[in-house]
Enquirer: 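Got a structure for you, questions after.
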Amino acid sequence: MRECVVMGFIERNAASLVVVPDWSEFCAWVKDAGYGEAYLDINDSRCLALQELFLEEAFEVLEEEVKL
């Protein structure tokens with residue numbers, strides 16, 4: 001079965017599983033952290049876990065900026 005890719009998402013993926021506000025920034029963060037493309041499958045629980053880590057890190061950065 002061949003899947004259609006639309007705007008970087010595999011068609012079978014539910015967009016509601018994306019919790020990050022900027023998908024492309026998240027993808028860059030994942031790749032910079034050394035994770036492979038498999039971690040960007042939003043139907044995989046590892047992707048959700050990485051999105052949560054990404055948001056935690058982003059929040060910490062914002063929190064530090066507010067303190068300055």
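Below, each value reflects all heavy atoms present in this structure, side chains not excepted, and no hydrogens, waters or symmetry copies.
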Enquirer: For residues Val61 and Glu65, determine if any side-chain heavy atom of one lies less than 4.5 Å from a side-chain heavy atom of the other.
Expert: yes
Enquirer: When you compare the side chain of Tyr39 with that of Asp44, does any pair of heavy atoms fall below 4.5 Å?
Expert: no
Enquirer: On the 0 to 90° scale, with breaks at 30° and 60°, tag the Trp29-Phe26 ring pair as parallel, tilted or perpendicular.
Expert: parallel
Enquirer: Between atom CG of Asp41 and atom CG of Leu48, what is the distance when rounded to the nearest 0.5 Å?
Expert: 12.0 Å
Enquirer: Within the structure provided, determine whether Ile42 and Cys47 are in side-chain contact (heavy-atom separation under 4.5 Å).
Expert: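 Side chain of Ile42 against side chain of Cys47, heavy atoms only: contact under 4.5 Å found.
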Enquirer: Would you say Phe54 and Val30 make side-chain contact, with heavy atoms under 4.5 Å?
Expert: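 No, their side chains stay 4.5 Å or more apart.
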Enquirer: So how far is it from Leu40 CG to Arg46 CZ, rounded to the nearest 0.5 Å?
Expert: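 With rounding to 0.5 Å, CG (Leu40) is 10.0 Å from CZ (Arg46).
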Enquirer: List in chain and number order the residues that pass side chain to side chain contact (heavy atoms under 4.5 Å, CB included) with Glu60, two or more places apart in sequence or in another chain; answer none if no residue qualifies.
Expert: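 Scan of Glu60 (side chain to side chain contact (heavy atoms under 4.5 Å, CB included), adjacent residues dropped) gives none.
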Enquirer: How far apart are the closest heavy atoms of Val19 and Gln51, and which atoms are they?
Expert: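 Here Val19 and Gln51 meet closest at N-OE1, 2.6 Å.
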Enquirer: Rounded to the nearest 0.5 Å, how far does CG of Asp32 lie from SG of Cys27?
Expert: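 If I round to the nearest 0.5 Å, the distance is 11.0 Å.
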